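Every heavy atom of this structure was used, including side-chain atoms; hydrogens, water molecules and symmetry mates were not. Given the structure is predicted, the values throughout are model-derived calculations rather than measurements. Note that ligands are numbered from 1 as they come in the structure, with each ligand's atoms numbered from 1 the same way.
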Amino acid sequence: MNSSRYETNCVERFLNYVKIDTQSCEESDSFPSTPGQLVLLRQLKEELVALGLEDVTMDEHGYVFASVPATSDKLHVPTVGFLAHVDTSPEMSGAGVKPVFHRNYAGQDLVLPMDPTAIIRFEENPHLAGQIGNDIITSSGDTLLGADNKAGVAEIMGAVEYLLAHPEIPHGPIRIGFTPDEEIGCGTRFFDVERFAANCAYTVDGETLGELQVETFSADAMTVRFQGFNTHPGFARGKMVNSIKVAAEFISRLPKNGLSPETTDGYEGFVHPYVMDAGVDQTSVKLLVRDFLTSGLATMEKAVEKIAHETVADHPGASVGIEVEESYRNMKEVLDDCPDVVENAKEAYRRSGLEPVIEPIRGGTDGSRLSFMGLPTPNIFAGEHNFHSRFEWISTYDMHKAVEVIIEICRVWEERAVI
Ligand SMILES: [Zn+2]
């Protein structure tokens with residue numbers, strides 16, 4: 001069913017893109033991390049050229065950029081970008097994806113044909129309730145689907161094709177970007193903001209129909225390194241200081257109720273020890289520090305530091321060194337200074353019949369880094385659900401709706417430009 005005012009072939013494109021294995025790989029030394037991503041990026045480049053775009057580029061890192069020329073008579077319509085990543089999660093195979101259609105969904109559990117025990121259950125997936133009568137696409141049960149983020153890629157391509165075929169729709173200059181290696185946190189590593197040359201952009205990589213994400217965590221990484229003293233355990237009395245025991249005590253002193261991922265949600269931040277490298281002589285503990293307020297990071301880091309120093313004070317002969325590294329910052333700090341970027345998206349949602357639902361992301365996006373690199377970039381929905389797993393699903397209704405929102409965003413920016 002086409003839910004959009006704009007008829008496009010985004011679903012057919014999506015079915016085509018998911019067949020290419022673009023799983024990214026954390027252990028790789030190359031960029032992009034896997035060659036399959038380049039296969040899809042090259043294909044996208046060719047498709048954009050075939051659509052008639054004249055400035056399609058693919059740089060040495062694989063980033064594909066292109067422009068849809070303005071149709072508006074106004075000379076100063078801001079340039080708006082749309083971005084999607086081509087790679088899929090390292091957590092689940094993306095090789096040999098065989099998309100399965102579940103037509104005219106009636107509220108049943110969705111059984112995936114390659115593995116009868118793989119079932120997307122209605123009661124465990126509350127968003128399925130809004131999909132009655134729609135067509136749903138899943139994987140066959142032995143791979144992920146790749147809707148994250150090939151749905152976004154297909155929706156952007158659908159919107160581009162539609163706009164080129166309908167020059168009567170007024171819009172300003174539009175930039176398109178397809179990027180590699182988002183899933184391993186490297187999607188923006190070689191992203192050339194200056195060459196992309198847009199005033200703002202939208203990643204099309206969100207989950208539920210109507211969601212608009214303008215806020216992410218601010219994030220730091222902390223390393224707390226305990227130094228002990230090692231000697232032969234048979235002759236260690238009064239000499240040995242076991243840094244493993246010091247580190248264990250430090251971890252046990254971290255707050256137990258609240259301030260941890262397993263006890264927080266919504267706008268609450270946390271401190272999360274996630275890797276420990278332990279030996280008698282030296283033990284290092286890595287911690288993720290997350291909060292929606294950047295100032296909240298410093299507060300938590302001071303608290304962790306205090307606990308570490310108190311712990312070593314109880315172990316004469318032990319010492320501690322602490323390093324803090326910035327990971328990314330809440331995009332809201334940037335978006336607050338350019339309210340049009342969010343307001344125009346909200347207006348586009350409403351024109352598409354959707355009430356925008358503003359949800360904070362308890363993580364980071366490519367957009368959080370891009371926003372601080374000078375390209376304000378909130379995230380709009382692509383319709384992806386259960387991403388990174390073989391239980392991924394998406395409805396064609398939501399995909400068409402995402403295309404409509406993309407086109408409406410372009411129209412709103414044009415309409416609101418003064419000259
Ligand atoms: Zn994604």
TODO: Determine the minimum heavy-atom distance between E183 and H85, stating which atoms define it.
DONE: OE2-CE1, 3.2 Å
Open item on the list: For the metal site, I want the angle between atom OD1 of D205 and atom NE2 of H85 with the Zn ion (ligand 1) at the apex, to 10°.
Closed with: 100°
Task: Name of whichever N/O/S atom of D148 is nearest to the Zn ion (ligand 1) - done: OD1
Open item on the list: Within 2.8 Å of the Zn ion (ligand 1), is there any N, O or S atom belonging to E384?
Closed with: no
Task: Test: R175 cationic atom under 6.0 Å from F196 six-membered ring centre, within 45° of axis - done: yes
TODO: With F65 as reference, evaluate F178, F82, F191 under the ring pair (Phe, Tyr, Trp, His ring centres under 6.0 Å) test and give the passing residue.
DONE: F191
Task: E262 CD: over 12 foreign heavy atoms closer than 6.0 Å - done: yes
